[in-house]
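Below you'll find the structure, written out as structure tokens, and then a few comments.
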Amino acid sequence: DIQMTQSPPSLSASVGDRVTITCQASQDIVNYLNWFQQKPGKAPKLLIYDASNLQTGVPSRFSGSGSGTHFTFTISSLQPEDIATYYCQQYDDRPMYTFGQGTKLEIK
Amino acid sequence: QVTLRESGPALVKPTQTLTLTCTFSGFSLNTFGMCVSWIRQPPGKALEWLARIDWDDDTYYSTSLKTRLTISKVTSENKVVLKMTNMDPVDTATYFCARVQMVAGSPLFDSWGQGALVTVSS
């Protein structure tokens, strides 16, 4: 199975900061990657699919990039409502949709 | 508006079989490209994909759990059922169902239920 390694595991940033999370795949997954946001006690929400495509209705401050084994998720200007845990998910090894271990984002 | 809701027992005993139902509205599992997946999340831990059933009745399972899982659908009732056998305390988790739209081969997990917490304990 493909392993997904996210870093950092947790992150503290200030409102307005640019925030970056990375996800490393154990093998080439082309661009077959989703990014999710999960707020405490809630279900995950799809933000990005195919590594860089913004899901309908998601604010443009969220973006994704990368291909192969290295991927990046960015919030261009952190807002208080962005406090959540973020997960990457690969779907190259279909349909074993492996998730990363998550990155918990907090406000400094 | 698409909605999904998980239902089932909150507590099961070790070795028992868990049966969870996902009742959905706002879409049909008869539509090309529509699927429903189950995902779980142990308390304080990461998400784990479990199974998927497609509009054409194809089913897929996590390789590590496939011997214990069965996913099925009742299309006329807009329901998807997940059965997991031989439950163990490590299976304690919140179980989510999600709509998955296959768009150009990419799975869009675009709508989720609120989740159902299942505790395995004697």
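Per chain, numbering begins at 1; letters A, B, ... match sequence-line order. Fair warning: this is a prediction, and the values are worked out from it, not measured in the lab.
- At a 4.5 Å heavy-atom cutoff, the contact between B/Phe96 and chain A is made by side-chain atoms alone.
- Minimum heavy-atom separation, A/Ala43 to B/Gly113: CB-O, 3.2 Å.
- Going from atom OG1 of B/Thr63 over to atom CG of A/Asp93 covers 7.5 Å, rounded to the nearest 0.5 Å.
- In terms of non-hydrogen atom pairs under 4.5 Å with chain B, the most contact-rich of A/Pro44, A/Gly100, A/Gly41, A/Gly102 is A/Pro44.
- Annotation for B/Gln41 and A/Tyr87: closest pair NE2-OH, 3.2 Å, computed over non-hydrogen atoms.
- Between B/Ala46 and A/Gln101, the shortest heavy-atom distance links the atoms CB-OE1, 3.7 Å.
- Between B/Trp49 and A/Met96, the closest side-chain pair of non-hydrogen atoms falls below 4.5 Å.
- Enclosure of atom OH in B/Tyr61 by more than 12 non-hydrogen atoms of other residues, nucleotides or ligands within 6.0 angstrom is indicated.
- Residues B/Ser106 and A/Asp50 approach most closely at OG-OD1, 2.5 Å, considering heavy atoms.
- Between A/Tyr97 and B/Pro107, some side-chain heavy-atom pair lies under the 4.5 Å cut-off.
- Under a hydrophobic clustering in which Ile, Leu, Val, Met, Phe, Trp and Tyr are joined whenever their side-chain heavy atoms come within less than 4.5 Å, directly or via other members, B/Ile53 and B/Leu20 fall into the same cluster.
- Residues B/Trp112 and A/Phe36 meet the side-chain proximity criterion, which asks for heavy atoms closer than 4.5 Å.
- Linking ILVMFWY residues whenever their side-chain heavy atoms come closer than 4.5 Å, directly or via other members, places B/Met34 and B/Val2 in the same cluster.
- Linking ILVMFWY residues whenever their side-chain heavy atoms come closer than 4.5 Å, directly or via other members, leaves A/Leu47 and B/Ile39 in distinct clusters.
- Highest contact tally toward chain A, considering only B/Gly105, B/Ser64, B/Ser37, B/Ala104, is held by B/Gly105 [criterion: heavy-atom pairs under 4.5 Å].
- Proximity to chain A (any heavy atom under 4.5 Å) is shown, for B/Leu50, by neither the backbone nor the side chain.
- By the 6.0 Å contact criterion, CD on B/Gln114 is open, its count of non-hydrogen atoms from other residues, nucleotides or ligands being 12 or less.
- Under a hydrophobic clustering in which Ile, Leu, Val, Met, Phe, Trp and Tyr are joined whenever their side-chain heavy atoms come within less than 4.5 Å, directly or via other members, B/Trp55 and B/Val36 fall into different clusters.
- Criterion: ILVMFWY side-chain heavy atoms under 4.5 Å apart, direct or through other members. Under it, B/Tyr95 and B/Phe109 are not part of a common hydrophobic cluster.
- If you take CD on A/Gln38 and CG on B/Leu47, they are separated by 5.0 Å, rounding to the nearest 0.5 Å.
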